[in-house]
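Remarks on the structure that follows.
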Amino acid sequence: MESDNEIGTEGDRTDAEARSALQVAGAERTNELAQAYEELKRAQAELQRRWQYLAEAQRLSHSGTFGWKVSSGELVWSDETYRILGFARETNPTLDLVFDRIHPDDRERMQQLRDRAAQNGMDLNVEHRILLPDGTVKYLQAVAHAGRDSFGNLEYMGVVTDMTDRKRADEERQALSRKLEESNARLEESQRVAHLGYWIWNLDTNRVVFSNETCRIYGINQQEDPIDLEAIRELIHPEDRGYVFENAERSVRDKVPIETEHRLIRPSGEIRIVYSRGALTKDAAGRPYEMFGTCQDITERKLSEQALRRSQFYLSEGERLAHIGSWASSDLGISLSEDLGLYWSDEVYKIFGLAPEKGPPRLEQFLAAIHPQDRASMAEAIKTMHEQRCGCDVTKRIVRPDGEIRYVRCVGIPVVEDGVFQGFRGTTIDVTAQELLTQELRREQAYLAEAQSLAHIGSWASNLETGEVHHRSDETARLHGFDPKEGLIPLERYFDTLHPDDKADVRSAIEDAVREGVDYDIQGFRICRADDGQIRFLRTVGHRNPAGESGEYFGVTMDITELKRAEEERERLRQLEADIAHINRVNMMGELAAALAHEIKQPIAAAITSASACLRWLGHVPPDVERACAAAARIEQEGNRAADIINSLRSFYKTGTPAERQWVDVKGTVREMSALLRTEAARYSVTIRTEFEVDPPHILVDRVQLQQVLMNLMLNAIEAMKDIGGELTIRSHVNPEGHLTVSINDTGVGLPAEGADLIFDPFHTTKPQGTGMGLTITRSIVESYGGRVWATANQGAGATFHFTLPTGAEAHA
Amino acid sequence: MKPVAVPTVFIVDDDSGMRQAVQDLVESVGLRAESFSTGEEFLKRQRTTDPGCLVLDVRLPQMSGLDFQRQLTEIGVQIPIIFITAHGDIPMSVRALKSGAVEFLTKPFRDQDLLDAIQQALQRDRAAREQQAEISALHARYEALTAREREVMALVVSDMLNKHIAAKIGASEATVKIHRGHVMEKMQAGSLIELVRMADKLKLSSNK
């Protein structure tokens, strides 16, 4: 534009010079006229050409020139000025015309400016609008310089420029720039929303520019200056750091785009997953100098992907674990075609043992998979489903290709949408385990009923306040003499069977328990059976149902008649055993009779002999009184001895004497028994030896019972040696548990080869005259003190019987 | 051997009361008595050849009285035994008596029964001792005979006539008569019958 103006002014100057040169030539060198004329023509041509240039230039630059003689009001316009102002070339330009064109809003301002200019001849530079007849608005700039013509009149010469295009371009540029700003802002916002940022990696400086969003993604403050690459490396998850930078380096080396997914650790410690892409920017020489890339935070997406994968996994895993598959079949129309239009989930294939690749089976194939015994009913069920469009719930057996039989429950429902039947949806469940359990349960119920009937135990559940019966097993009814088939039997009728003597007690016991809400256990009451009137003993146990309302009880009732009888029998046997124990003692006395006779005869014989001697001494002349007295003293001594022996034995004859605990010196008792049995032992050439610990502890027992134990075991030992003689050794020690252990060792025939474990059993005997109760009684006595008795075979000949008794205060029955 | 030795009643009983009573009773009739609790103790006394008798309890702790009786026989102690027992039975008494017991008394016994038995036993002991003494004297006389005289004596007591004896020993009948006279004289036999009895006691076996 400027250069155009220069051209314009240069054109004006050339014009003036040419004119003056022409005047000089006309006045001074007429001869040169022709030449000059030529030159003039050339100049004219040149001028013409320049005018054209000028006009062209004006046109191109939308600038027209004008001249304004203020005094005359004469206006001169260039072509372009006409064009700009929208006047025909023929129009005679006037100021009025110009002001007509000026936009009404600018008109007043322009008139003032004109008036001022006309007065003081100042330079003008003004922008204004014109309004063309077609309504077009043009922006013009008028620049004019005031000057004086050769007559000294004020005249203006200027340029008017159509600024409309420029103005519009400006406006457009401004709008564009606004738009750019907006779109930048939107981009920024969308980056933020999309968690997408960008980065620019300067390969020369190895520094990186992060967009705001990138900074946010990395959890760092917005950075004005490029960041050192090393600082970024620190933010990347250590496990990912290696491959991220390897990829980046490879990308630069091989000049290929980069695409990575990696984790980063924000300064706050939070881990984010980002997806980053980058491409190289190359200079004109093709040398990459930076890499531009985007960075997107895909953490949420990743997590939701994971969650989705997990829930899909859970679903399929759930199906797999629960052996539940799902299926669907399309609308099959009225007729049952071969193609069931099935969809099967993987689990259904698994349940049927079929390969999913082969697709769902056709009806024929499906029925072939059903157990032959269930096939017809299944076919019927499918037919019914399709004919009546009803649901199904079928449990059937299937035979897998490998021959395994599974129980499968198939539930299907018709799907109707907007009144239109859409097909069936359903589940297929492998219920083999449940089915087997159910069968097992049924069996067990049967067993239980059988067991209840065998054990005469019935179970029941009732509300004992309202009398409502929730449950009673068949056996409960039977126990009271009711027919189990009778159905509901009111609680009152059970009470009616109570024996008149027990009725009040049982009722009040139950009522008391119910009132206090506690469990009860009523044993051994009598009832008269409803059917045969037999008197039976029952026991009933009621447990309050803590989850139920008040009065809710469940429990068992059992027939304990046999138990009762057995108890009586046991009591009778116990009495018998006690009697036998007594008999044993008496028998023992019998066995001992000879020995005891000897034992008692000994002092008696000695006394009699001493008496004879005494008499003889007295019969001497003179009587030998001294020796007679000595003899008499011996008589007294022997008499006492006999009495002692009888006293120590008398206790054996007593029956039913309650055990009288006292501290007993075992050593002393063993000595007594050894003394008592010594002659009996000697009769069979058996010697009795005792080996005691220095001080065996005293024990709290009934003395007679200890004697009985010792005598039984010692007599047995002597018995075992009676044909061969031998040695009976009694030892004692305290075992690690603090029990006193007494061992009676013989060198006799030993334990029987067979039935050695039976020797303690009642009525087990190897002796022709034995009752077989000796060792049984021994054991019951020892065990009543918490002790133990057992027999062992000796290394050499014979056997050893041991018994233990608790020592000290721990002894208790 | 002291012919004047006073006989002793030995008592073996493990029951000290009985032992003392019996000893006292025996002493009350003026006899000597010694008592022991076991047979072994008695044997330790060494002078078991003293005259006397043994009152023995059948049931003794280590060795029964009957076994002890057998043991005494085996070691050559010949002493009359009276068994006493508190618990005797017939088989036991038979066995005891067969083995040479003087008496088998059951406790309690009458004092006189025991004392009688003791007297009897002492009597038997005395007799046995006298017999033993006689045999010892005969042996001494017999030892004094010459070999030819013992030969002749054996033939004489076998009731052989002098001439047959002479023929048998290759001597004259007169020589036989002389030997026979020496025999009768040395053996202090008053008659042929007496000589025969002596030969019996000496247990000479006739050489027929």
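Chain naming here is simple, since letters A, B, ... match the order of the sequence lines and numbering starts at 1 in each.
- Scored by the salt bridge (Lys or Arg N to Asp or Glu O under 4.0 Å) test, B/Arg141 finds no partners at all (sequence neighbours excluded).
- In terms of modelled atom types and a separation under 3.5 Å, the side chain of A/Thr747 and the main chain of A/Glu727 share a donor-acceptor contact.
- By the 6.0 Å contact criterion, CD on A/Gln795 is open, its count of non-hydrogen atoms from other residues, nucleotides or ligands being 12 or less.
- Partner B/Phe10 forms a side-chain contact (heavy atoms from CB on, under 4.5 Å) with one of B/Val55, B/Ile81, B/Ile79 and no other, that one being B/Ile79.
- Counted by atom type alone, B/Arg126 and B/Gln123 present one or more donor-acceptor pairs between their side chains at under 3.5 Å.
- Residues B/Val156 and B/Val183 have side chains not in contact (no heavy-atom distance under 4.5 Å, counting atoms from C-beta outward).
- Of all the listed residues (A/Ala630, A/Ala613, A/Ala631, A/Ala681), the one sharing the greatest number of non-hydrogen pairs under 4.5 Å with chain B is A/Ala613.
- Judged as a ring-ring contact (aromatic ring centres under 6.0 Å, His included), and not counting sequence neighbours, B/His139 has no contacts.
- A/Arg627 touches chain B through backbone and side chain together, each having a heavy atom under 4.5 Å away.
- Highest contact tally toward chain B, considering only A/Arg616, A/His620, A/Gln637, is held by A/Arg616 [criterion: heavy-atom pairs under 4.5 Å].
- Among pairs with a residue in residues 179-188 of chain B, those fulfilling salt bridge (charged side-chain N to carboxylate O under 4.0 Å, His left out) read B/Glu149-B/Lys186, at least two apart in sequence or across chains.
- Interface remark: of the candidates A/Arg634, A/Glu638, A/Arg641, A/Arg634 forms the most heavy-atom pairs closer than 4.5 Å to chain B.
- Residue B/Asp15 touches chain A through its side chain alone, counting heavy-atom pairs closer than 4.5 Å.
- Contacts of residues 108-121 of chain B with chain A at a heavy-atom distance below 4.5 Å involve B/Pro108, B/Phe109, B/Asp111, B/Gln112, B/Leu115, listed in sequence order.
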